[in-house]
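Working notes for the structure below.
All ligand and atom numbering here is 1-based and tracks the order in the structure. Values reported hereafter were calculated over all heavy atoms of this structure, with side chains retained and with hydrogens, waters and symmetry mates removed. In this chain, numbering begins with 1 at the start of the sequence shown. Quantities reported herein were computed from a predicted structural model and do not represent experimental measurements.
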Amino acid sequence: PEDPIQDHRPRLLIMGQRRSGKSSIQKVVFHKMPANETLFLEATNKIVKEDITSFIDFQVWDFPGQINYFDAPYDANMIFGDYGALIFVIDAQDDYIEALNRLHHTVTRAYKVNPDLSFEVFIHKVDALSDEYKIDTQRDIQQRITDELADHDLEHVHLNFYLTSIYDHSIFEAFSKVIQKLIPQLPTLENLLNILCANSGIEKAFLFDVNSKIYIATDSSPVDMQSYEICSDMIDVIVDISEIYGRTNSYRDESYDDPSQIDANGSSGNYETANDASSLIKLNNGTILCLRGVNRFLALVCLLRADNFEKHGLIDYNFQCFKEAIAEVFELKRRNAERAKHERMGLI
Ligand code: GDP
């Protein structure tokens, strides 16, 4: 709170009706809770504001469904004023008419306060729906809300829709897309990944936030769900193995630039990659899965053909260059933030 930069972090707001799945999403994505254990979560009755210390610092604001956050004492400017995204969760297994009213009301009010907010609709719990029914539901929801907004002269407000479930990777995929929009360095990261892939014979590369398994960038070849799933599963395997066999102090690296984050992270028991973490898995179809630690939060996971891995000296060298480039990108970000802070304080 003393740090003015902290108040300018991109913010994720999670909203939706009671029992739509907000707490479950948060637990599964950010706290590694197994999906079936969410059955026993208690309903949220207050605004839960949680800082998540991860590669980007974002906040999850869990609003219990029944609170009308536009009434006093909730200050709409305070809630929606910051740069960030509003995630609205709709339970697709339930009657969603009431949820759509709520969504419309929320978007209208939030847009007035902050037209730059991105609006993301999670059509959630779709695990129980057939593929055909999923598409129909999405079409129906999209149509109704678009019509409703158009009736109120708000057709220019753009909403994004995702079909999600905590029982598969779809929730991580959706979060990845939402968060990528909040990362100003995204084009640079994608560019670096493209260069890395082109020069190392890599087929697909994801830059993951290890704690949440959200990928914050990937190269520009199309993402297929299977490659994403296998890369994300690899992170689980490596985290499990290093929790059992790894040296705990190897997660601590002298190059940390922000000691306050170490405390925050250490106490929440989150995993951090060692900068030099490295792992290789050969699949029986001749593909290699390769993981490299990039910094304390990020890891690179790549898929490549085994014969391309023969020149792995070159690949190692390219990884090293990539890692240095990433460090530079974020060093620049830190320096800019510091500069902005000094400017605000009138020091320069
Ligand atoms: P909240 O009140 O919005 O925070 O809702 P909860 O997170 O407490 O979730 C309500 C119920 O929905 C729980 O019993 C969850 O297990 C269930 N749930 C959450 N996400 C999913 C999902 O993706 N699929 C299914 N089938 N159930 C879900």
Does the N or O separation between [X] and ligand 1 drop below 3.5 Å for any pair?
X: Gly21; answer: yes
X: Leu41; answer: no
X: Arg18; answer: no
X: Thr164; answer: no
X: Tyr167; answer: no

Looking only at non-hydrogen atoms, which of Ser170, Ser24, Ser23 approaches atom 4 (O) of ligand 1 most closely?
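Going through Ser170, Ser24, Ser23 one by one, Ser23 has the nearest heavy atom to atom 4 (O) of ligand 1.
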
Under the salt bridge (Lys or Arg N to Asp or Glu O under 4.0 Å) definition, can you give me all pairs with a residue in residues 84-99, not counting sequence neighbours?
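Sorted pair list: Asp91-Lys125.
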
Please walk me through it: do Arg139 and Asp136 pass salt bridge (charged side-chain N to carboxylate O under 4.0 Å, His left out)?
CA-CA 5 Å; Arg139 196 176 298 137; Asp136 286 348; 3.7 Å; yes

Would you please name every residue forming a ring pair (Phe, Tyr, Trp, His ring centres under 6.0 Å) with Tyr162, sequence neighbours left out?
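Ring pair (Phe, Tyr, Trp, His ring centres under 6.0 Å) check on Tyr162 returns Phe122.
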
Using heavy atoms and a 4.0 Å limit, tell me yes or no: is [X] in contact with ligand 1?
X: Ser20; value: yes
X: Gln93; value: yes
X: Gln26; value: no

Of the side chain and backbone of Asp127, name the one, both, or neither that has a heavy atom under 4.0 Å from an atom of ligand 1.
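The part of Asp127 near ligand 1 is the side chain, not the backbone.
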
With a 4.0 Å heavy-atom cut-off (strictly under), which part of His124 contacts ligand 1: side chain, backbone, both or neither?
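Only the side chain of His124 comes within reach of ligand 1.
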
Can you sort out which atoms of ligand 1 are near [X], meaning under 4.0 Å from one of its heavy atoms?
X: Ser165; result: 23 (O)
X: Thr38; result: 13 (C), 14 (O), 15 (C), 16 (O)
X: Gln17; result: 3 (O)

Under 6.0 Å from the six-membered ring centre of Phe206 and within 45° of its axis: does the NZ or CZ of Lys204 meet both?
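Yes - Lys204 lies over the ring of Phe206, closer than 6.0 Å to its centre and within 45° of its axis.
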
Check: [X] ring centroid to [Y] ring centroid under 6.0 Å:
X: Tyr215; Y: Tyr228; result: yes
X: Phe172; Y: Phe208; result: no
X: Tyr111; Y: His156; result: yes

Would you give the length of the straight line joining atom CD of Glu229 to atom CG of Asp224, rounded to the nearest 0.5 angstrom?
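Going from CD on Glu229 over to CG on Asp224, the span is 9.0 Å.
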
Parallel, tilted or perpendicular: which one describes the rings of Phe309 and His312, with boundaries at 30° and 60°?
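Taking His312 first and then Phe309, their aromatic rings lie parallel (interplane angle under 30°).
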
